[in-house]
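What follows is a single structure, written as structure tokens, with notes after it.
Every value quoted in this text rests on a predicted model; they were computed, and no experiment measured them. Each residue takes its place number in the sequence, starting with 1.
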Amino acid sequence: MNYRSDGPIYAAGAQLSMFLVIITVALLNCCGGNGAGACIEYEKQALLTFKKDLIDPSNRLSSWTAADADCCKWEAIACDNITNHVTELHLQHPNGTSLWDQYGYNYFEMFALRGRLNPSLLNLKQLRFLDLSLNDFEGVPIPSFIGSLKSLEYLNLSYTGFSGIIPPQVGNLSNLRTLSVEGEYIQDDNLQWLAGLSNLEHLVMASVNLSRASNWAQVINTIPSLVEVHLSHCQLDRISPLMETNLSSLTVLDLSLNEISFMPRWIFSLGTLVSLDLGQNNFQVPWPEGPWNLTSLQVLNLNQNQLGGSLPRELLYLNKLVSLDLSKNEINDLMPTASSNLTNLLHLDLSDNQLNSSIPNWLYKSKHIKLLNLARNWLQGVILEDIANLSSIVELDLTANQLTGTIPKQIGNPCDIRFISMSDNKLEGRVSDLIDGMSGCFSYALKILYLENNQLSGQLTDNLGQFQNLEQLNLGSNSLSGPIPSNIGLLSSFETLLLGDNKLNGTLPASLGNFPS
């Protein structure tokens, strides 16, 4: 059967379309919309009431005026494109972090919002995002009514100037995915309210005093949706054992800057972890018994603890590890001599330990490594020519060891190296051989070269003038002799030049200015 455009089906379709239009208009009217895209009137009034209780020294909320009909266009406001409900309040200090870092608190507070939070916020029924961070509410407690903003998915109260206990009503925000309350808050002996945040993915409680919250690990273990947990500088002194872990989505765990002395087995069984930061605690051996299940781990930080002895063999099997920081411990043995699976390492810091062996062969095979720091140890022996295998190296620090022999010319093979320090060793050889070997593409990258307090000899070579980007050069306290090359004056990037305690003669080129020599 053929239907004409003016037939019954077309007529019925037109009636249906008109009906949908009427329903849509009715829905918008009942919700306060005016059809022109302006915000909802009662939400606008709630925001104006909220503003009255705030002190705004930098006039950030100047656009919040009764004369402007559309609060969706106000600064720091975002609305739903369809319903016009206010869904986001971005009230964080826009440049708070940089101002604090550069000028200190007194300058920062000149621009921070102050006052009190008016409960008129509760009229924003669809509010999903609330960021009050980096303001100054002058020591008043966090208002408990925040726990009634049931639609919230993101809440940031970090460094807001609030103080006291985090109200347990925050645990009523079951839709919350991100909670950030970093700052000098105090938590009582029960964190059970956190268990109510059943959809939480990102938890930041850094610098909150959790010394009385002994059940923190058990409570966090009840939230399997967690992806990141940041509890640094929380005055924690222990990690409770867990018989079974439910943290099947956890990728980041930061427990740095605490007072924890024992590493529980369960942390090393989290196969989803990508980053684990246990730095600046009181950890001592023994290490957790293997096998470890950190199959996804890329970043491991255990710096500034009291770890001693040799490193555990389990470290060798973390084959996705990109960054390993074990600096400032008491480790005296680098690793077992067996071949290493750490082929993806980009950053290795073992400085400030008690390593007393030679540089292990497996390190010379780390062709992807960019930063290698073995400074301030007791490393002995020579630097092998195999150092040329470190073809991606950008920073190399072997300062303050007991290394002997000559510096291999092959150290100049990587073209991207920016920083070399081998000061305070027993290295010898002709400095001209070293500099000549390091010229070429390498000379355009190098910015810092520290070789002071060794046993280097001979004359400085004219090739030193090729290092066009060199900013700092320290060759002091060696046995160098002869004239200072005149073309060193071509090095326009110089900031520091130290040549003292040698047998050099001549004068520095005038273009370099007055440098200590």
Any side-chain heavy atom of Leu152 within less than 4.5 Å of one from Phe129?
no
Does a side-chain heavy-atom distance below 4.5 Å link Asn118 with Arg116?
yes
Is there a side-chain contact between Val394 and Phe419 (heavy atoms, below 4.5 Å)?
no
Under 3.5 Å, is there a donor on one side chain and an acceptor on the other for Arg238 and Ser240?
yes
Check Arg376 with Asp352, please: is the shortest side-chain N to carboxylate O separation under 4.0 Å?
yes
Between the side chains of Asn303 and Asn301, does any donor sit under 3.5 Å from an acceptor?
yes
What one should report as the nearest heavy-atom pair of Leu345 and Val322 is CD2-O, 3.5 Å
Could you verify whether a donor N or O on one side chain and an acceptor N or O on the other, from Asn156 and Tyr154, lie under 3.5 Å apart?
yes
Whether Asn377 side chain and Gln354 backbone form a donor-acceptor pair below 3.5 Å:
yes
Specify whether Phe137 and Phe162 have parallel, tilted or perpendicular ring planes, treating 30° as the upper limit for parallel and 60° as the lower limit for perpendicular.
parallel
Does the SG of Cys71 lie under 2.5 Å from the SG of Cys39?
yes
Are Ser158 and Tyr185 close enough that a side-chain donor and a side-chain acceptor fall under 3.5 Å?
no
Taking atom CG of Asn81 as the centre, report whether more than 12 heavy atoms of other residues, nucleotides or ligands fall under 6.0 Å from it.
no
Under 4.5 Å between any side-chain heavy atoms of Pro291 and Tyr317, yes or no?
no
Do Leu253 and Ile267 come within less than 4.5 Å of each other through their side chains, counting heavy atoms only?
yes
For Thr399 and Ser423, test the side chains for any donor-to-acceptor distance below 3.5 angstrom and give the result as yes or no.
no
Quick one: are Ile393 and Arg418 in side-chain contact, heavy atoms under 4.5 Å?
no
Mind checking whether Leu89 and Leu121 have side chains closer than 4.5 Å, heavy atoms only?
yes
